[in-house]
Each structure stands twice: as C-alpha cells, then as structure tokens.
Amino acid sequence: MNILEGLNSAQRQAVEAPEGPILVVAGPGSGKTRVLTHRVAYLVRERGVKPYHLLAVTFTNKAAREMKERLFQLLGSGLREITIGTFHATCVRILRRESERAGVERSFVIYDENDQTNLVAEAVDELGLDKKAYRPRAFLAAISHAKCELIPPSAFPTPTYWHEIAGRVYHRYQELLATNKALDFDDLLTKTVDLFRNEKDVLDKYRRRYQHVLVDEFQDTNMAQYELVKLLTLEHRNLFVVGDEDQSIYTWRGADFRNVHRFRKDFPEASVILLEQNYRSTQNILDAAHSVISKNEARVEKRLWTEKECGLPLTIIEAYDEEEEAQYVLGEIQRLEARGVCDLGDCAVMYRTNAQSRALEDAFVRAGVPYRLVGATRFYERREVKDIIAYLRLVHNPYDALSLLRIINVPRRAIGKKTLKQLMEWVNRLGISIYTALGRLSVQEAEETPFHPRSKRILSEFANLLEELIDAGQRLDLLELFDLVLERTGYAEYIRDGTEQGEERWNNVMELRTVASEYADLATQVGLTTFLEEVALVSDVDNYDERANAPTFLTLHMAKGLEFPVVFIVGLEERVLPHSRSFDDREAMEEERRLCYVGITRAKERLYLIHTFRRTLRGLSQVNTPSRFLLDIPQKLVRGSTGYERTTRLPRGPATVEVHQFNPGDKVRHPQFGEGVVVSSKLVGDDEEVVVAFVGMKPKRLLVSFAQMEKLLPTRG
DNA sequence: AGCGCTCAGCTTTTT
DNA sequence: GCTGAGCGCT
C-alpha cells in the first residue's frame with residue numbers, strides 16, 4: 001500500500017517533509033490524524049526509521065488509540081515498538097523506570113483533581129486558615145497553573161497577600177504529596193522535566209531513543225509539555241507538531257497556544273504547512289464557521305474550503321425558552337429520522353454548560369427517545385468506584401493517606417470523628433505516617449496510645465485487614481484481589497441496601513470488576529499497577545461508544561475531535577455562549593468564539609443554531625439576547641423565515657400589541673402542543689406572554705408572537 | 001452516627 | 001433552583 005496515495009498536495013508535503021522541525025497548521029476536518037499517522041508510516045517505511053525511535057504524543061487516550069488503530073492498518077504489527085500515548089501516560093512510564101534518578105517513589109499513586117482538592121484543603125487546615133475565607137479550589141487553580149508553567153513553590157510570585165498565602169499552601173501541598181508518596185497530574189509532567197534538566201545522561205538516553213517526536217493538538221500543550229518536547233528534540237530537531245490555534249479551548253487549564261509562537265522562535269528553520277482543505281463539512285458550514293472565527297484578532301488567517309457543494313442552508317431557530325428549545329430539537333431529530341434523512345445516532349446536541357442538558361433530557365425521557373449523555377457524572381468519580389479504588393491503591397501504596405482516610409470507616413466500622421482526630425494528632429505528634437502508626441497498634445508494646453480500648457481494638461483490626469490485603473496483593477492476581485477486598489470489607493452488604501440506587505451502585509462496582517478482569521492475566525503486581533494507572537488516566541470521552549444508535553448530548557468542549565452529520569448547538573445567547581464569565585476579559589471572549597467555531601465545524605451536513613427568548617439561569621428566568629456569534633453569520637447562509645428573522649429586527653419597533661389577544665379561559669390550538677386553555681396572560685415588552693394548559697401536559701409559557709396559536713372559542717368578545 | 005437545616009457556590013474539565 | 005459542605009441536634 002502506497003503511503004502517499006489519496007493525500008492532497010499539502011498533506012503529502014507534510015508527510016514527505018525532510019527531517020527537521022515541521023509545523024502543520026491543520027484546520028478542522030483537514031485530515032490531521034491522517035497526516036500524523038502517514039508521517040509515522042512514511043518515516044518507518046521510506047526513511048528507514050526504526051519504530052523504536054519514534055514517539056507520538058496525544059492529549060487523550062482516545063486519540064492515542066485511534067492513532068494506533070490507523071497505524072496498524074499502515075504498518076501491521078510494526079507499530080508495536082512505537083511509543084504512542086498521552087503526555088501523562090508517557091511521563092508515568094518514564095518516571096517509574098527512572099524513579100531513582102527522578103527522586104520519586106517507584107510505587108507512587110496518581111492523584112486526580114478530587115484528591116488534589118482534598119490535599120490542598122488539608123494544607124489549608126494545617127496552616128491554620130479558614131477554608132471559608134480561603135477556598136481550597138482557588139488555591140489549587142493557582143498551584144496547578146504555576147506547576148504548568150514550571151514554577152516551583154520557591155519561585156511562586158506573591159503580588160498580593162492572597163498569593164503569599166497561596167505560596168505557603170503550595171509549599172505544604174508539595175510536602176503532603178511527598179509523604180503520601182503521590183504525584184498529581186501536573187507532577188507527572190514537571191517531575192519528568194526536572195529529571196531531564198537535572199540528569200543529563202538520562203536526558204541523553206531518551207534523546208537517543210526518541211529520534212523523532214510527533215505532537216498532536218499542539219495548541220493544547222502547556223509550558224511544561226512544551227519544555228518536555230523541547231528538551232527531547234532541541235538537539236536532533238526532528239519535531240513534527242500538528243495544531244490549530246483556532247481550536248484552542250483549554251487555555252483555562254494552562255494550555256498555551258502561544259507555544260506555536262515559541263516553537264517558531266526555538267525552531268526558526270521549521271517548515272510551516274497549512275492544511276486548508278476540509279473533508280468534513282459543506283461549504284455553507286465552513287463559511288459560517290469562518291464568519292465567526294475571523295473576528296478573533298489573535299490568529300493567523302486561514303480559510304477552509306471544500307470540494308463539496310455548498311450544501312443546505314443553516315437553520316437558526318428562536319425558541320421561547322429552554323423547554324421549547326428541547327422540544328424543537330426532539331421534534332426535528334424525530335422528523336429527520338422519520339424521513340430517512342439520518343439515523344438517531346447521527347445527531348449531536350451541543351451546549352456550553354452541562355446544566356443545559358437537563359431540559360433536553362427531560363424532553364427526550366418524556367418522549368421515550370433514547371439519548372447518550374457524555375460526561376455528566378463520570379464513572380470513576382462515583383463514590384462506590386472510588387471506594388474500591390482507594391482499597392486497591394492502599395494495597396499498592398499504603399502511605400497514600402488520602403485513600404486510607406477515605407475508607408478507614410467505609411463500610412462503617414465505628415471509627416468516628418473523635419477516634420480519627422485522636423489518630424491524626426497521635427500521628428502528627430510522632431511524625432510518622434498513618435500506616436506506620438496503625439502497624440504499631442498491633443504490636444504488644446506498652447506504648448502509650450490516646451485511644452479508648454474499644455477504638456484501639458477496632459483500629460488494630462483495621463490494620464490487620466490492611467495488612468492482609470497488602471499481603472494478598474503479593475500473591476493474588478488483580479481479580480482475586482478485587483474479590484477479596486469486596487469479601488473482607490463486606491462491601492456488597494454495605495452498598496446493596498435494597499434501594500434501586502444501591503443496586504445501581506453495585507452494578508458500577510461490578511463494572512469496575514470487569515475492567516479489573518482485563519488485568520488479571522498480568523503478573524501479580526504489574527496488574528495492579530497498570531490497572532491503577534489506567535484508572536487514573538482515563539476519561540469519559542474515551543469510553544464514548546460511537547455505535548449506539550441514539551443522539552449524543554455533550555458540551556462543546558467534549559465535542560472537539562468528533563464529527564456528526566447533524567449538529568444542534570443550543571443556547572446561543574449572550575451570557576450562555578459566550579458565557580457570562582468571559583465578558584470582562586478579551587482573551588476569554590476569544591476563547592468563547594473558538595468554542596463556537598469548534599461546535600460549528602463538527603457538523604458534516606446539517607447545522608441548527610438555536611437560541612431562546614428567555615431562559616432560566618440559576619433559578620432566575622430572564623430575557624436573553626441572541627449570541628453575538630449568531631449575528632456574525634451572514635443571512636445568505638441561513639434558511640429564511642425562521643424565528644431568527646424576528647429577532648434580527650431587534651430592537652423591536654413601536655408596540656404592536658397593546659391589548660391582550662388572549663385571556664384566561666380562552667381555548668386555543670397550538671400546531672405542536674394541540675388544544676389547551678389559557679391560564680393567564682400578561683404583556684411583556686411589546687409582546688404577550690401566555691400560560692396555557694395543553695391537554696395532557698403541564699402548563700406552558702408561550703410568547704404569542706412566536707407560538708402560532710389559534711383561538712378556538714372566544715369567550716368574551 | 002445520622003439526620004436535617006442553612007448557606008454559599010455556581011463554565012468548561014484532554015490527564 | 002440545585003448541590004455540597006458544615007454544623008448542630010437527636
């Protein structure tokens with residue numbers, strides 16, 4: 001199979017580029033994964049680069065997996081020696097291998113955001129600060145940001161008193177991580193950078209190993225990631241990066257698309273290749289996308305084009321409120337499916353915030369139409385799943401105090417607040433870990449302990465349980481260990497309390513068990529380590545099943561990298577998209593625009609942009625204006641005679657409605673909701689808002705100018 | 001230990 | 001308007 005076959009000239013140019021730094025600017029749908037995989041295949045097949053010398057980094061496990069699959073088609077099993085993975089997974093492997101040189105515990109556990117918050121809270125506590133006045137989340141954000149920029153506690157800038165405190169929290173937080181033998185997500189990167197900076201021979205080893213480095217979604221790299229890549233490649237300069245600043249939507253997480261500019265400065269000889277041909281969307285969709293994104297100032301102009309026809313016009317709809325918005329989406333999806341235009345699974349509904357999924361879910365549940373919700377409550381964040389993982393983490397690393405405290409009284413074993421407080425004080429006084437302290441309890445020494453005899457007995461029983469599990473971890477495979485944890489803790493009896501929720505929780509535990517069973521074949525401790533890593537580093541999108549035949553509900557952030565024949569973007573209103581939080585910050589506003597751009601460019605054929613007249617936000621129902629992004633889309637791309645027509649004439653002219661058209665008791669007919677009775681009516685601005693009780697539905701609020709209601713039997717003149 | 005109350009908070013969330 | 005944390009009461 002010819003690697004260059006079927007590639008357009010820009011793609012081919014990227015794939016065949018000579019050695020040295022290369023920047024591929026790849027717009028949405030321009031075949032960037034294709035370029036990346038073909039580049040790898042090209043290096044191996046045509047340039048004789050050994051797969052062993054290749055490193056390809058992605059941001060998500062899903063992207064990594066896709067890349068492996070596609071490379072398998074090109075290279076067969078030759079891909080096995082290639083290192084393909086996320087930044088974090090790659091760093092974990094390096095850190096475990098070089099644990100001694102990196103100065104990290106070999107059996108470190110990985111703390112996720114939740115663990116991090118808890119640990120910061122602990123640091124805040126220890127510094128004698130009030131958690132109400134000094135919110136741990138805010139500190140964590142600042143700390144994480146600093147770490148992404150490779151700023152250690154000692155160099156943490158303290159422009160304000162708050163920052164000064166934050167610096168102290170940061171310092172203590174790092175100490176706590178160390179005593180727990182834990183690394184957080186950011187540490188995985190920074191510790192690897194430190195390793196490479198401090199241990200020249202280790203760096204040299206990896207430089208020799210990774211003679212070609214490829215980076216996907218380069219606009220999403222943070223400083224630490226860029227530094228990592230730079231350290232590896234500065235000498236041989238074989239760095240191939242693919243990115244698109246217009247799709248940078250994670251700057252709030254430390255991603256910095258200015259890395260593109262840094263790259264151009266650090267690698268001035270780099271060739272820059274633009275991929276502008278789009279293989280996904282119709283020209284109308286691309287034009288709409290361009291009209292939105294081109295308003296951003298901080299960008300290099302590029303314009304996507306396609307060989308496809310201009311396609312259908314976009315549909316812009318104004319719904320009365322979020323309920324009607326959901327109703328419209330539901331109705332339209334059903335209509336498209338009924339007409340055989342598309343399958344349910346071809347449709348996606350995207351929104352700015354997760355809270356917006358509710359109205360949609362309500363409507364779909366009521367209509368009995370299935371849907372897939374991506375994200376919401378994530379599997380690995382469920383209480384029962386975290387409990388079991390905490391037990392397994394302890395087997396792996398009993399110094400993980402966070403996990404220990406999580407389950408010391410789960411299921412309940414009568415270790416309450418008081419005992420726990422005594423335990424912590426005792427542990428702090430002795431300056432030892434909780435695990436070590438627990439071990440001392442069972443030793444029959446005359447050592448003074450602060451506990452009530454009963455508590456002491458219970459604690460020591462718990463210590464024995466822990467010891468037994470740790471011991472079992474040396475001998476049993478992961479599945480056996482998993483079952484032993486359940487058995488010895490009585491977890492099933494604890495969680496299955498006879499309620500429906502209890503059953504669901506138990507099902508989640510069993511689902512986790514299925515995941516664990518995949519690691520049962522591995523050597524005892526390797527299985528546990530790999531499993532824990534996997535669990536710490538996967539996300540929900542990774543498990544997104546593309547085959548189920550139901551529409552997908554997801555946030556715009558999660559939509560990145562995906563595509564759908566039919567896309568609905570809902571909530572296109574000022575303060576929703578763009579989000580109200582971004583109003584006083586130009587850069588944040590540009591990011592909102594990019595988010596909108598990402599959403600639009602997910603659509604292959606049909607795009608619906610929906611806004612509401614009024615929306616309930618944080619319990620407050622208020623009138624909303626259409627999103628500024630909507631106003632940037634030229635009318636000629638839009639299907640005429642929609643509600644949008646009306647709103648574009650805002651501000652409305654002189655009042656056209658001065659008297660009520662409808663009065664309580666009027667019988668009316670609505671094209672969608674059928675017959676009903678008017679409950680109330682009031683004049684709002686120049687329009688009339690009525691509440692109507694339709695047959696078999698709860699009363700609805702409607703706007704007379706929009707709802708095409710017909711009066712059936714006028715009661716009074 | 002477990003409950004119910006109040007109050008503050010409230011985007012997005014690749015790893 | 002809903003949720004989660006903290007607190008006080010039983």
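All of these numbers come straight from a predicted model, not from anything done at the bench.
- Among all heavy-atom pairs drawn from Val242(A) and Phe240(A), the shortest one is CG2-CE2, 3.7 Å.
- The aromatic ring of His579(A) sits over the base of dT11(B), with ring centres less than 5.5 Å apart and planes inclined by under 30°.
- Here the two rings, on Tyr491(A) and Tyr494(A), have centers that are under 6.0 Å apart.
- Straight-line distance from the CD atom of Gln356(A) to the C1' atom of dT12(B): 11 Å, rounded to whole Å.
- Comparing atom distances between the Arg581(A) side chain and each of dC10(B), dT12(B), dA1(B) picks out dC10(B) as nearest.
- Distance CD (Glu113(A)) to P (dT12(B)): 12 Å, rounded to an integer number of Å.
- Look at OH on Tyr494(A): it is 13 Å from C1' on dG2(B), rounded to the nearest Å.
- Residue Lys147(A) contributes atom NZ, which lies 18 Å from atom P of dT15(B) at whole-angstrom precision.
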Given protein heavy atoms under 4.0 Å, the one-letter contact record of nucleotides 2-10 of chain C, with B base, S sugar-phosphate only and - none, is simply S--------

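- Here the two rings, on Phe553(A) and Phe364(A), have centers that are under 6.0 Å apart.
- What separates CD of Gln622(A) from P of dG1(C) is a distance of 12 Å, to the nearest Å.
- Taking 4.0 angstrom as the limit, Arg135(A) places a side-chain polar atom (N or O) nearer than this to OP1 or OP2 of dC10(B).
- Considering only side-chain N and O atoms, Asn61(A) lies nowhere under 4.0 angstrom from the phosphate OP1 or OP2 of dT14(B).
- When all heavy atoms of Cys91(A) and Leu188(A) are compared, the closest pair comes out as CB-O, 3.3 Å.
- The CG-C1' distance, from Asp112(A) to dT13(B), rounds to 12 Å in whole Å.
- For the pair Asn354(A) and dT13(B), the criterion of a side-chain N or O lying under 4.0 Å from OP1 or OP2 is met.
- In this structure, the salt bridge (Lys or Arg N to Asp or Glu O under 4.0 Å) partners of Lys421(A), at least two apart in sequence or on a different chain, are Glu425(A).
- Under the stacking criterion of a centre-to-centre distance below 5.5 angstrom and an interplanar angle below 30°, Trp252(A) sits stacked against the six-membered ring of dT12(B).
- In this structure, Arg96(A) satisfies the cation-pi test against Phe108(A), with its NZ or CZ atom closer than 6.0 Å to the six-membered ring centre and inside 45 degrees of the ring normal.
- Atom CG of Leu595(A) is separated from atom C1' of dT11(B) by 10 Å (rounded to the nearest Å).
- Checking dA1(B), dT15(B), dT14(B) against the side-chain heavy atoms of Arg412(A) singles out dA1(B) as nearest.
- Listed pair Arg253(A) / dT11(B) fails the phosphate criterion, with no side-chain N or O lying under 4.0 Å from OP1 or OP2.
- What separates CD of Glu590(A) from C1' of dT11(B) is a distance of 18 Å, to the nearest Å.
- Considering every non-hydrogen atom in both Ile407(A) and Arg413(A), the closest pair reads O-NH1, 2.8 Å.
- Within the structure, a side-chain polar atom (N or O) of Thr555(A) is placed less than 4.0 Å from OP1 or OP2 of dT13(B).
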